[in-house]
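Taking it in order: structure first as structure tokens, then the write-up.
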Amino acid sequence: MKTCRRFTSIKSGFEQDIRFLRGHAERHQGSVAAKTSAKNAVSAKRNMARALNRHLDHCPECG
Ligand SMILES: [Zn+2]
């Protein structure tokens with residue numbers, strides 16, 4: 001599948017977030033903050049899927 005630059009930038013933005021949250025969760029394992037970060041990483045991943053699907057629905061370049 002061919003995707004446009006906008007798609008790539010949406011994806012990499014979310015991926016950066018997810019990486020940061022996961023890293024934070026690992027560094028603070030066992031703490032409340034780590035649990036929050038892990039949960040946020042999961043929801044960021046879900047948001048990414050939603051944002052990318054929405055993009056694909058509307059983008060004339062992707063598909
Ligand atoms: Zn696109």
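Numbering of ligands and ligand atoms starts at 1, following listing order.
Here the CG-SG distance, from Leu52 to Cys59, works out to 11.0 Å after rounding to the nearest 0.5 Å. To the nearest 0.5 Å, atoms CD (Glu15) and NZ (Lys45) are separated by 9.5 Å.
The same ILVMFWY cluster, assembled from side-chain heavy atoms under 4.5 Å apart, contains both Leu56 and Phe14. Linking ILVMFWY residues whenever their side-chain heavy atoms come closer than 4.5 Å, directly or via other members, places Met48 and Phe7 in the same cluster.
The side chain to side chain donor-acceptor pair (under 3.5 Å) with Ser37 is formed by just one residue from the set His24, Glu26, Arg22; it is His24.
Less than 2.8 Å away from the Zn ion (ligand 1), the protein contributes these N/O/S atoms: Cys4 SG, His55 NE2, Cys59 SG, Cys62 SG.
Listed by chain and residue number, nothing satisfies the salt bridge (Lys or Arg N to Asp or Glu O under 4.0 Å) test with Lys39 (two or more places apart in sequence, or in another chain).
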